[in-house]
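To start, the structure under review is shown below, and the notes come after it.
Chain identifiers are assigned alphabetically (A, B, ...) following the order of the sequence lines, protein sequences preceding nucleic acid strands; residue numbering begins at 1 within each chain.
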Amino acid sequence: MARHLCPSVKNILLLDSEGKRVAVKYYSDDWPTNSSKLAFEKSVFTKTLKSNARVEAEISMFENNIVIYKFVQDLHFFVTGGDEENELILATVLQGFFDAVALLLRSNVDKREALENLDLILLCLDEIVDGGIVLETDASIIAGKVATHSMDAEAPLSEQTITQAWATAREHLTRTLLS
Amino acid sequence: MAQPLVKKDDDRDDEAEYSPFLGIEKGAVLQEARVFNDPQLDPRRCSQVITKLLYLLNQGETFTKVEATEVFFAVTKLFQSRDIGLRRMVYLMIKELSPSADEVIIVTSSLMKDMNSKTDMYRANAIRVLCRITDGTLLTQIERYLKQAIVDKNPVVASAALVSGIHLLQTNPEIVKRWSNEVQEAVQSRAALVQFHALGLLHQIRQNDRLAVSKLVTSLTRGTVRSPLAQCLLIRYTSQVIRESATSTQTGDRPFYDFLEGCLRHKAEMVIFEAARAITELNGVTSRELTPAITVLQLFLSSSKPVLRFAAVRTLNKVAMTHPMAVTNCNIDMESLISDQNRSIATLAITTLLKTGNESSVERLMKQITNFMSDIADEFKIVVVEAIRSLCLKFPLKYRSLMNFLSNILREEGGFEYKKAIVDSIVILIRDIPDAKESGLLHLCEFIEDCEFTYLSTQILHFLGIEGPKTSDPSKYIRYIYNRVHLENATVRASAVSTLAKFGAMVDSLKPRIFVLLRRCLFDSDDEVRDRATLYLNTLGGDGSVVETDKDVKDFLFGSLDLPLVNFETSLKNYEPSEEPFDINSVPKEIKSQPLAEKKAPGKKPTGLGAPPTAPASTVDAYEKLLSAIPEFADFGKLFKSSAPVELTEAETEYSVNVVKHIFDGHVVFQYNCTNTIPEQLLEQVTVVVDASEAEEFSQVVTKPLRALPYDTPGQIFVAFEKPEGVPAVGKFSNMLRFTVKEVDTTTGEAEEDGVEDEYQLEDLEVVAADYMLRVGVSNFRNAWENMGADCERVDEYGLGPRESLTEAVNAVINLLGMQPCEGTEVVPSNSRSHTSLLSGVYIGNVRVLVRIAFGIDGPKEVAMKLAVRSEDEAVSDAIHEIVASG
């Protein structure tokens, strides 16, 4: 009962321009089976398809849930919460995810790049929300945490993309610290 | 499972789209996973394979138990590698696989090593993984580390431990509760999110301790809270504390209101909004308290961010339900939102405007909405239709434009739910606004001319049959109805036949023509249609002359089925085909007050008979059986009514006693259900001493004590009283439980020889007028009311004095009378100043009683009501007034 007092996220979805999954993460039991998850994704995707969520995040209600979404290129980002949830908290989570992905993909945010760096996207999801509870919403910190892993490895920096992502992330981090 | 994936790939080929996972297949990836076992690990390669596995899982692919176990064991090998990137993928993979208890043991030591590693990132992640997959026994082993982690100087580690604590609290509360000192310390952390997570966990640990939560809030509202998220949490806890301490609202300032108001000036929008929303949701919020919250929400309405506009308009929409005046200031901003790109925002804006609008703005609003309706989805349209319905009831004079609007949208395309909402609205308007009747009925007639939904057609036909004959020119509806007989499916044809018959019965001048039409229906291809036509021709007197219809026939056609359908169904199922026809009068009429029984059920031990485990549905039967088994009560006659159990003791006391009042014509039997909640005691010779000195008309005749009442085995004591026959005598009874108590050795279960006599005071019990009233509903109140006639009507007005709210007054009167509210009239729409409740019941002596009460609230919460009672017996009508006058 008191659990709802803590802001909680029901799912985070990253779909492509046809509504297919790039990466999704569910934190609630509202959609117990894969088919119910797919049905939810389909309905959310088709109902938001026509909206203009490219500049500012948009918002809508589905089956007593609040869904906040933002699109870039051929990627559609969604964050879902219960209908009693503070919309702005959910929007902050979405923005954190969105910006962190942009940092990690070096602003080259499209489906191809996302799939090529799927490990980063999955780690990113893991760092934003843990079991429905918001872990972190600051994009530069999230991206920093995700990109850490090759940074202080004594192993050769194998992935160029990651190194660069880290550089961008660090740059952002210093900027936020200075401002 | 692999099938859909292959298909997907085909699609991809067509588009020639590149994907690193093109043609990926589970079997092949599982093969690839063998690289995890290589003596010389290639971290990069391994990471890629894990990513592929995660991709498959993410796409909805499932692994069999064997496959999952194999992958799991292979992944555990990767702990050997010191590559950080790979390790993170390993963590992810383990979480996704959610290993079983015996598998967890394999990784425990590796994870515990990581938990104590020098790399913070390892520690944080290992904590999260371990807590996710652990069970209670393992948790005690790692508890020490977790406690340290909570106060770790690295915020990521501390947050990981705290968030894990929040999850673990659900499964292992007793362990997590031991961490409260550390959590308390973490609340003071300088790291913003650590404070947020610590606050979340601390509150959950203390949630059942009201005082502790209140102290927490008091100290934090004075201190500094660093992150907006933590501030939002604090606002939520504060409103909880306010809600629970809701006492001294009249005396002036509400505790913590200043804190909430202060949050309206916070720099983070999410905090401002959280605070504004919290203020609007305060119990009995005053307009002075509301104003600052409304002001910030109004600013949000013109924000460039859709999320802000949505949040604000949604909150204002809720406020408009209870405090429409407070929201009117925002009307101009709200009107500009009607053209908002985001249709959700536009719909919320419109429905808010419909709630706050005044009579003069109705027409202008309707014009705006008409343009808007065509480009929103059905679900939004339904919301708008419902808002328009309540607006119309609020401003009945405007029915013309609103009814026109409804009929226009009824003609447009739309799904079933939407059409049903419109039809329901028109029906309600017809019922409540007499002037709207004729035009409304014609709109409905036109609609069924071209209606694709059988359900709606039959509903409308039924409604036409009742309302149509009472209009000034019933004949004009006949054409629409008879057209259905030609053009529709069998179900609709059958309803149309019934409707025709109703016109024939009510309008004598139409009778001959109706007969002609009904005779034509005798040749219908469907037997239900033919059967109905035959039945009606016979009951109406088949010669087709202009005669007045019998009362019996009218009753048959229009009379409502005064039976709860559930009871009817049970009776029909129990009926065995025999010579003896089914007797509808044998169906019990009492509505089983299931919700009440359900509400009482949770968390309570079964208290005697009637409570679970005997299913609540059969309570009445069960009581009847129980009582008839007692010879002393055999000549009391038929049981009229049994009350719901009334508690005579506080919850959680030594002995728990409740009482059920059984009313007979000349007797009252109290059934005391007793439970002994002390394992060390055995009660013997248990009886209830009843003092009836404040119940003059009652005299005690029988007492049935209980020989023994062992621990946790409910037993019943009965006390019977005689009272004047058929008279609704009332009175107050004081009760004392008297018994001999014996000590019981709980280890052997044996009681001592000697006992001590003791007494236990129970609460008083009253027999009230409502006990003589059966809650029996009618399906069509208006018909029942009109059929009853005004011969024995008694009308009077009463002042109810100041009341909390109209709802409270309505409920009080309904409970006082003990009658069944009909047609949902026990619900008072929020913010209404007047309300009419329709009640029905059967009074002792089997006299049906109908009651219509018009409530009005005036100025400082003064409620007055006009009570009209109809029954078959003047004395009973007077008796009902007596109840109210003395209650």
Supply the atom-to-atom distance B:H167 NE2 to A:I133 CD1, rounded to the nearest 0.5 angstrom. 4.5 Å

Least distance between heavy atoms, B:G60 atom then A:R21 atom: N-NH1, 3.4 Å

Sort B:L229 into side chain, backbone, both or neither according to what part of it lies under 4.5 angstrom from a heavy atom of chain A. side chain

Lys/Arg-Asp/Glu bridge criterion (N-O < 4.0 Å) met for A:K25, B:E96: yes

Side chains of A:D83 and B:R314: does their closest heavy-atom pair fall under 4.5 Å? yes

Could you report the tightest heavy-atom contact between A:V22 and B:Q59, atom names first, then the distance? O-NE2, 4.2 Å

For the residue pair A:K47 and B:R343, establish whether any side-chain heavy-atom pair is separated by less than 4.5 Å. no

Inter-residue atom distance A:K20.NZ - B:S19.OG, 0.5 Å rounding: 10.5 Å

Which atoms of A:T92 come close to chain B, meaning under 4.5 Å heavy atom to heavy atom: side chain ones, backbone ones, both, or neither? side chain

Under a 4.5 Å cut-off applied to non-hydrogen side-chain atoms, are B:R128 and A:D126 in contact? yes

Structural part of B:V156 lying under 4.5 Å from a heavy atom of chain A: side chain

Which of the residues B:M270, B:E274, B:Q341 is involved in the greatest number of heavy-atom pairs with chain A at under 4.5 angstrom? B:M270

As an exercise, state the distance from CG of A:L115 to OG1 of B:T51, rounded to the nearest 0.5 Å. 11.5 Å

Could you give the distance from CD1 (B:I345) to CD1 (A:I59), rounded to the nearest 0.5 Å? 7.5 Å

Check this for me, if you would: do B:R132 and A:D130 make a salt bridge, where the nitrogen-to-carboxylate-oxygen distance has to be below 4.0 angstrom? yes

Heavy-atom side-chain proximity of B:S344 to A:M61 below 4.5 angstrom: no

Quick check on B:S304 against chain A: is it the side chain, the backbone, both or neither that has a heavy atom closer than 4.5 Å? both

A:C6 versus B:H203: any side-chain heavy-atom pair under 4.5 Å? no

In terms of heavy-atom proximity below 4.5 Å to chain B, should A:A57 be classed as side chain, backbone, both, or neither? both

Hey, are the side chains of A:S51 and B:N342 touching, using non-hydrogen atoms and a 4.5 Å cut-off? no

Closest approach of B:R277 and A:E85, non-hydrogen atoms and distance? NH1-O, 3.5 Å

Check whether B:Y237 gets within reach of chain A through its side chain, its backbone, both or neither, counting any heavy atom under 4.5 Å. side chain

Within the 4.5 Å heavy-atom criterion, are B:L193 and A:L135 side-chain neighbours or not? no

In terms of side-chain geometry, is the basic nitrogen of B:R236 or A:E84 positioned less than 4.0 Å from the acidic oxygen of its partner? no

Give, for atom CG of A:L88 and atom CZ of B:F273, the distance between the pair rounded to the nearest 0.5 Å. 6.0 Å

Best-contacting candidate, B:H197, B:R87, B:K305, against chain A by heavy atom pairs under 4.5 angstrom: B:H197

For B:K52, which atoms come within 4.5 Å of any heavy atom of chain A: side chain, backbone, both, or neither? neither

Considering only heavy atoms from C-beta outward, does the side chain of A:L118 approach that of B:N58 to under 4.5 Å? no

Give a yes or no on this: more than 12 heavy atoms of other residues, nucleotides or ligands lie within 6.0 Å of atom CZ of B:R210. no

What distance do A:I89 atom CD1 and B:C232 atom SG have between them, rounded to the nearest 0.5 Å? 4.0 Å

Does any heavy atom of chain B fall under 4.5 Å from the side chain of A:L122, the backbone, both, or neither of them? both

Interchain contact, A:I66 with chain B, by part (heavy-atom threshold 4.5 Å): side chain

